[in-house]
> 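Pasting in a structure now, in structure tokens, and then I'll have a few things to ask.
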Amino acid sequence: MEAGKRKTEEEQQTLVDRKRKAEISEPPPPTTTSTTVTMNAVESLVTQIQGLSGSPNDVVALHAHLNKVDEALRGESARLLPFLDQLDPSIHSLGYLYLLDACTSGPVSKEQATNLVLITSRFLTSCSTEQIRLAPEKFTGMCKRFKDQVLLIEAPMRGVAPLLVAVRKVQPSSEHLTSLHPDFLQLCLLAKCYKTGVSLLEDDIFEVTQPRDLFLYCYYGGMICIGQKHFQKALELLHNVVTAPMTSINAIAVEAYKKYALVSLIDNGQFSPSLPKYASSTAQRNFKNFCQPYIELANTYSTGKIAELETFVQKHREKFDSDNNLGLVKQVVSSMYKRNIQRLTQTYLTLSLQDIANTVQLNSAKEAEMHVLQMIQDGEIFATINQKDGMVRFLEDPEQYKSSGVIERIDSSIQRLMTLSKKLTNMDEQMSCDSLYLAKAGRERQRFDFDDFDSVPQKFNM
Amino acid sequence: MASSSSSGLTFKLHPLVIVNISDHYTRVKSQMNPPVASTSCSNTNGSGNGGDSAAVVAPAPPPRVYGCVIGVQRGRTVEIFNSFELLYDPSTDSLDRAFLLKKQELYKKVFPNFYVLGWYSTGSDAEEADMHIHKALMDINESPVYVLLNPAINHAQKDLPVTIYESELHVIDGIPQLIFVNSSYTIETVEAERISVDHVAHLKPSDGGSAATQLAAHLTSIHSAIKMLNSRIRVLHHYLVAMQKGEIPCENSLLRQVSSLLRRLPAIESEKFQDDFLMEYSDTLLITYLAMFTNCSSTMNELVEKFNTAYDRHSRRGGRTAFM
């Protein structure tokens, strides 16, 4: 055994020397006639990776070479694991990536998955950004497989931090949406760590390559915001899904529309099924057919009667449950109470707790007190409760908007709006030059301009 | 040639004269063919012909314009109100006399009080040849004045580039000669002139403009004022820092002045003032914000319209209808 090993080492050395002297154009064919030869090929590849990971030019040459041997590596996927230890992920990131990708390309069992997850997390946290940006698709593919492995071992939490690092590394800029964004958000949802997900949602996205990525990203993002009770931001994200351009209806958008209706009820107290004019016409025509119970829920909500709402919810309970929206629907019902109490602030200056309970159809004054207290704490109304005589006194919003903090906020908003305005003007100009638009706009013009014939207009605008 | 005058006459110059001279000069210069390169820029663009592409084409010398100034002389005060142009005859090296007399007659009809007080020209300094013209005018006015405008734009110079010369008999090398001597003058304005000078200086729209242009003009003037204030404060700050570091010897009188200025600064420092000030400030900011929002929304609206026209297969067939 020992002699054999030593011999192969010598063989390997000569092979490496020969390869180093001559330009390697063809990788050794991946025949399994001699496993030692292919192992040597991998060894030589490893040493090559180690050698060529210094300067950027070398890395580019390495990249080209790795692309050629990629197929060969995939054939060897089962046996590549030990070679990974010879490479340092932070220095030899590109080579490590290719080897790791080849390792995971085959089917992976549960025990292997645990090991692989460990290796991949370490790689993701320590890899070098410039090197992996040379092969973004491979990186993305490997990360997706990483996510599957993490789900396989049922520990989504372990994938959250590495994937966040991976997303940041593969993004060309914080305004770009990659395919990894929705995967990351999905893991956050499954692991229930919403805060990390929220940190990714802070960025404004301006560049999207794949529409599916955008749909999933906004849908998952909306769900995360609902989990964090940031209903305003959830509404924004879901609105993006619902009004995104689409030529045919897709399931993500339909689900998003259902959640959009519910969140809009919780946040705004109203929901109108008509979509704004920038929504695609496919959406405008087809959504209503799929989301009938939700629209009826919105109609019941607008009557303001809690009893009716609750009976309606009971009736369609299974439907809501099958859509996994039952929790949200329950929140809608509780928001009804809030809405009614808020309506009271516009009519009364002071009101007793018992009266509140009666008007809002709560069971007792105690419940009313709890509700009002919760609302005061959340900042939804301004009031003081006098416990001695059970009176609630409604107050005005004490915010005077006089502080310098307010001014800073407005100022920063103005700055943001200015950059946004520049972007919009650019997009408008690009759109005007778009060939499709010009073709259609030209077609819709009348053959002869009205002004050509008649110098006197038919109607005078006085 | 430019010693100060001892005649004891006080000169008052109206801005109309200055504007007239500058207008005359600008017109002539811009009508010249080929156009004269301005003195500040060089002529090294690539369109020079091949032969002397290396050499810089010498700019034509700026033209000299000539004219007459008229006004009133009351006692020791000479007030120059107006001016008109004259043709310069390079062959006789003098001003066109017939034209001068005719113009003088016309102006006499309109302004009976005004007399020909002298003449004007452009250039950087008074020259020997000017004495010719000066002497020629002496038969109309015993001691004419010579108003010289320097058209070269010098940003460092703070005063007007206008000089008034008188002629005096001086004995130089035993020969009595007439030479030009510099005289001081003041600028005198009438209300009508002030408005027109303002107009020229700020290029206000002649019809009062829309509210937008007026606002823009107002804000521009405020901006330039604040910029100037800022630069002056910066100079002071730089000076004080240098003094602190010890690079410049301490000057206590200056320090006292600076400290008294600083002590005058926060004129009002009360809570009520802060409140009101911040409220007004946030109101203005909100209005700007609203304006920007409207602007953005309208751009967005146009973008959406275009997008719908281009990409939405079933968009409403709008287009232009027959009747507006």
Side-chain angles (χ1 to χ4, degrees), chain A residues 243 245-247 276-285 400-418 420-446 448-451 453 457-461, chain B residues 210 212 215-216 219-220 222-223 226 230 265-324:
Chain A
T243 54
M246 57 181 105
T247 45
K277 76 171 178 188
Y278 50 84
S280 65
S281 50
T282 16
Q284 284 173 355
R285 284 180 309 194
Q400 289 283 357
Y401 303 105
K402 277 196 287 200
S403 64
S404 43
V406 167
I407 290 182
E408 275 178 33
R409 265 178 58 197
I410 305 181
D411 200 38
S412 65
S413 302
I414 293 181
Q415 300 284 359
R416 271 179 54 206
L417 203 54
M418 273 165 45
L420 194 62
S421 167
K422 279 197 199 101
K423 278 205 164 72
L424 264 182
T425 334
N426 274 341
M427 277 179 75
D428 194 31
E429 283 172 15
Q430 276 183 353
M431 197 71 207
S432 315
C433 310
D434 188 52
S435 50
L436 218 60
Y437 165 70
L438 287 171
K440 289 226 178 125
R443 217 188 303 150
E444 285 187 358
R445 263 173 66 87
Q446 286 190 322
F448 295 103
D449 227 327
F450 189 70
D451 299 337
F453 280 149
Q458 290 273 2
K459 270 205 301 200
F460 289 95
N461 295 336
Chain B
S210 62
L215 179 66
L219 287 178
T220 322
I222 290 191
H223 175 248
I226 293 182
N230 191 22
L265 264 184
I268 314 178
E269 190 72 48
S270 74
E271 176 134 352
K272 180 116 191 357
F273 172 72
Q274 271 295 91
D275 276 353
D276 287 345
F277 170 67
L278 285 176
M279 198 138 54
E280 230 181 277
Y281 189 16
S282 63
D283 281 345
T284 326
L285 278 182
L286 273 175
I287 296 198
T288 322
Y289 192 41
L290 197 63
M292 286 233 62
F293 236 119
T294 319
N295 198 8
C296 257
S297 306
S298 100
T299 324
M300 187 85 161
N301 188 35
E302 288 182 20
L303 178 63
V304 166
E305 287 277 358
K306 293 195 176 110
F307 186 79
N308 276 346
T309 331
Y311 288 102
D312 217 2
R313 243 181 283 143
H314 309 282
S315 69
R316 290 176 292 275
R317 285 244 143 217
R320 295 181 41 155
T321 54
F323 298 100
M324 301 191 259

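Values reported hereafter were calculated over all heavy atoms of this structure, with side chains retained and with hydrogens, waters and symmetry mates removed.
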> Counting heavy-atom pairs closer than 4.5 Å to chain A, which one of B:Asp276, B:Thr288, B:Val304 comes out on top?
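Between B:Asp276, B:Thr288, B:Val304, the count favours B:Val304.
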> Measure distances from A:Ser435 to the heavy atoms of chain B and classify the residue's part below 4.5 Å as side chain, backbone, both or neither.
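When you check distances to chain B, no heavy atom of A:Ser435 falls under 4.5 Å.
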> Distance check, rounded to the nearest 0.5 Å: B:Asn308 atom CG versus A:Tyr437 atom OH?
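Output value for this atom pair is 11.0 Å.
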> Select one option (side chain, backbone, both, neither) describing which atoms of B:Phe293 are under 4.5 Å from chain A's heavy atoms.
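Contact with chain A: backbone and side chain both.
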> Surrounding CE of B:Met300 (heavy atoms of other residues, nucleotides or ligands, distance under 6.0 Å), is the total greater than 12?
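Check fails, neighbour count at 12 or below.
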> Find the distance between CG (B:Asp283) and CD1 (A:Ile410) and round it off to the nearest 0.5 Å.
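It is 8.5 Å, given to the nearest 0.5 Å.
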> Taking A:Thr425, A:Leu420, A:Asp411, A:Leu436 one by one, which has the highest count of heavy-atom pairs under 4.5 Å against chain B?
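It is A:Leu436.
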> Please flag which part of B:Glu280 lies under 4.5 Å from any non-hydrogen atom of chain A: side chain, backbone, both or neither.
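For B:Glu280, there is no contact with chain A at all, as no heavy atom is under 4.5 Å.
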> Using 0.5 Å steps for rounding, measure from the CZ atom of B:Phe307 to the CE atom of A:Met431.
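Rounded to the nearest 0.5 Å, the CZ-CE separation comes to 6.0 Å.
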> Let's test your reading of the structure: which of A:Asp434, A:Val406, A:Leu424 forms the most heavy-atom pairs below 4.5 Å with chain B?
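The option with the most such pairs is A:Leu424.
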> To the nearest 0.5 Å, what is the distance between CD1 on A:Ile407 and CG on B:Leu286?
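So the CD1 of A:Ile407 and the CG of B:Leu286 are separated by 9.5 Å.
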